J.: 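This is the structure I want to talk about, given as structure tokens.
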Amino acid sequence: MVVSIIGVGLIGGSMAISLKENGFATKIIGVDASPNNIDKAFRRRLIDEDKSLEDAIAESDIIIISIPVNAMLQVLPKVLDLVTTQVVMDVGSTKFELMNHIKNHPNRKQFVGTHPMAGTEHSGPEAAIPNLFDNKTTVICDAAQSSKEAVEKVENLYNALKMRVIRMDSNAHDIHTAYVSHISHISSFALALTVLEKEKNEKAILDLASSGFSSTVRLAKSSADMWVPVFQQNRDNVLDVLDEHINSLSKFRTYLIKKDFKKIKELIEQSNEIRRILS
Ligand code: NAP
């Protein structure tokens, strides 16, 4: 199977590694806006060839689009204009706006919208790693809008990546990812800003940062180019969960002001419920 990957960064590059390793792809063609990233992708052997968008599509069986979700709105219609029998899939973190954007395209059925729920805080081809997707979940959205054959091909690709495939409509996907993924990033960005504002002694941050601090601010290392378009496209759902988050923070503030440590204990014990759900 010849696979083209548009956007050979963290997700595209990690897919390239695994799809080559497990034999799903016989050849990986890279397409990227950045010649520097194409160069890095060659040096890391993520791709076998680089081609123009037109030539890559003509030679491929599957085209994976792995670029920021705002760029996806321009690139996906172009790709769909060029396909004949090929299957096209994306891996973007938001789904509703993209699905709506191409819903009337004559080649809509050849496209499958997906979101692999796996990643790290790093970006670019240098961040691509093997086994990133092992035993994680991927979402296929609005499967009824795609042809059966296209969905089957994409499911086979995800099975080859050892992922569990679930289906969801794109609206529900955006609501749930706002709750479990997008708010965690905002919270981590805000925590990093708070500490940078209050603690001017960088050495103290380095010396005193425990594993708790490091793990809660880890996501604040993530790329703005990737995340701003996600917040832009999922603004309403993120605002909804952000209001709830601010409400939780204010409860801690109020009980601290009132020295009501019994209530703080209650809040912490309620939050411990997450342990049961995640284990
Ligand atoms: P990334 O590491 O920054 O890689 C994106 C690559 O696409 C970069 O090489 C970028 O080049 C290139 N690019 C940008 N615009 C382009 C265009 N118009 N045409 C061709 N190439 C273009 O980003 P990523 O983290 O892999 O994210 C890719 C997609 O996966 C996003 O849609 C994101 O929402 C989704 N996703 C991310 C994660 C995560 O944890 N990061 C998890 C699941 C899904 P430049 O660097 O020069 O811009």
Side-chain angles (χ1 to χ4, degrees), residues 4-19 28-44 46-47 50-57 63-79 82 88-99 101 111-129 131-134 136-141 158 161 163 165-166 170 173-174 176-178 180-182 184-186 188-189 218-234 238:
S4 274
I5 299 183
I6 305 175
V8 288
L10 165 70
I11 298 295
S14 301
M15 283 194 165
I17 295 173
S18 296
L19 293 174
I28 304 267
I29 302 173
V31 179
D32 201 288
S34 153
N36 195 24
N37 284 353
I38 284 288
D39 191 44
K40 286 180 189 164
F42 267 124
R43 278 191 276 128
R44 288 209 55 203
L46 303 176
I47 57 175
D50 77 306
K51 287 199 177 326
S52 67
L53 186 68
E54 291 74 9
D55 291 348
I57 292 170
I63 298 120
I64 301 173
I65 310 183
S66 182
I67 59 180
V69 293
N70 54 339
M72 206 91 84
L73 295 174
Q74 274 88 55
V75 172
L76 177 57
K78 261 196 225 163
V79 173
L82 292 167
V88 184
M89 59 178 268
D90 83 306
V91 295
S93 303
T94 46
K95 290 267 86 68
F96 185 74
E97 189 170 338
L98 183 71
M99 299 306 222
H101 190 61
F111 169 67
V112 183
T114 83
H115 180 196
M117 304 298 298
T120 72
E121 66 277 26
H122 306 297
S123 53
E126 55 273 60
I129 47 173
N131 309 320
L132 177 66
F133 307 100
D134 284 13
K136 304 272 171 46
T137 298
T138 190
V139 187
I140 290 188
C141 284
Y158 278 122
L161 292 176
M163 296 197 87
V165 181
I166 61 168
S170 49
H173 165 276
D174 284 10
H176 291 300
T177 51
V180 296
S181 163
H182 304 171
S184 319
H185 281 81
I186 293 215
S188 191
F189 292 133
R218 178 178 67 81
L219 297 176
K221 298 175 195 162
S222 303
S223 143
D225 288 344
M226 200 217 106
W227 279 99
V228 173
V230 171
F231 298 142
Q232 201 176 353
Q233 290 191 11
N234 207 16
V238 172

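Just so it is clear, the model here is predicted, and its values are computed rather than measured. In each ligand, atom 1 is the first atom listed, and ligand 1 is the first ligand listed.
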J.: Can you find a non-hydrogen atom of Pro116 under 4.0 Å from ligand 1?
T.: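 Within the 4.0 Å threshold, so yes.
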
J.: Below 4.0 Å from any atom of ligand 1, is there a heavy atom belonging to Ala118?
T.: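 It does, in that a heavy atom of Ala118 comes within the 4.0 Å cut-off of ligand 1.
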
J.: Does Asp32 have a heavy atom less than 4.0 Å from any atom of ligand 1?
T.: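 It does, in that a heavy atom of Asp32 comes within the 4.0 Å cut-off of ligand 1.
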
J.: Just which atoms of ligand 1 are under 4.0 Å from any heavy atom in Ile11?
T.: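 Those atoms are 26 (O), 30 (O), 36 (N), 37 (C), 38 (C), 42 (C), 43 (C).
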
J.: Tell me whether Asp90 reaches ligand 1 (any heavy atom closer than 4.0 angstrom to a ligand atom).
T.: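 Heavy atoms of Asp90 never come under 4.0 Å of ligand 1.
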
J.: Could you see which bit of Ala33 sits under 4.0 Å from ligand 1, with heavy atoms only: side chain, backbone, both or neither?
T.: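 For Ala33, the contact with ligand 1 is made by both the backbone and the side chain.
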
J.: Give a yes/no on ligand 1: does Met72 have at least one heavy atom closer than 4.0 angstrom to it?
T.: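 The answer is yes: ligand 1 sits under 4.0 Å from a heavy atom of Met72.
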
J.: Suppose we measure from atom 35 (C) of ligand 1 to each protein heavy atom; which comes out shortest, and what is that distance?
T.: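 Checking every protein heavy atom, the shortest distance to atom 35 (C) of ligand 1 gives Val91 O, 3.3 Å.
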
J.: Enumerate the atoms of ligand 1 whose separation from the nearest heavy atom of Val75 is less than 4.0 angstrom.
T.: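 Contacts of ligand 1 toward Val75, numbered from 1: 18 (N).
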
J.: Determine, stepwise, if the pair Leu76 / His101 fulfils side chain to side chain contact (heavy atoms under 4.5 Å, CB included).
T.: CA-CA 9 Å; Leu76 177 57; His101 190 61; over 6 Å; no

J.: Write out the residue and atom name of the closest protein heavy atom to atom 32 (O) of ligand 1, then the distance separating them to 0.1 Å.
T.: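 Of every protein heavy atom, Ile67 O, 2.7 Å lies nearest to atom 32 (O) of ligand 1.
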
J.: Heavy-atom contacts under 4.0 Å between Ser222 and ligand 1: side chain, backbone, both, or neither?
T.: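 Contact part for Ser222 vs ligand 1: neither.
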
J.: Go through ligand 1 atom by atom and flag the ones less than 4.0 Å from a non-hydrogen atom of Gly119.
T.: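 What qualifies from ligand 1 is 40 (O).
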
J.: Considering non-hydrogen atoms of the protein only, which is the closest contact for atom 45 (P) of ligand 1, and what is the distance?
T.: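 I find the closest protein heavy atom is Asn37 ND2, 3.8 Å.
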
J.: What are the atoms of ligand 1, with element, lying closer than 4.0 Å to any heavy atom of Ser66?
T.: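 Taking each heavy atom of Ser66 in turn, ligand 1 has 5 (C), 7 (O), 28 (C), 29 (C) under 4.0 Å.
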
J.: For ligand 1, is there an N or O atom under 3.5 Å from any N or O atom of Ser93?
T.: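 Yes, at least one N or O pair falls under 3.5 Å.
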
J.: Taking 4.0 Å as the limit for heavy-atom contacts, which would you say applies to His115 with ligand 1: side chain only, backbone only, both, or neither?
T.: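 Within the 4.0 Å criterion, His115 contacts ligand 1 through side-chain atoms alone.
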
J.: Considering only non-hydrogen protein atoms, determine which one is nearest to atom 1 (P) of ligand 1 and report residue, atom name and distance to 0.1 Å.
T.: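 Heavy-atom neighbour on the protein nearest atom 1 (P) of ligand 1: Gly124 N, 3.9 Å.
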
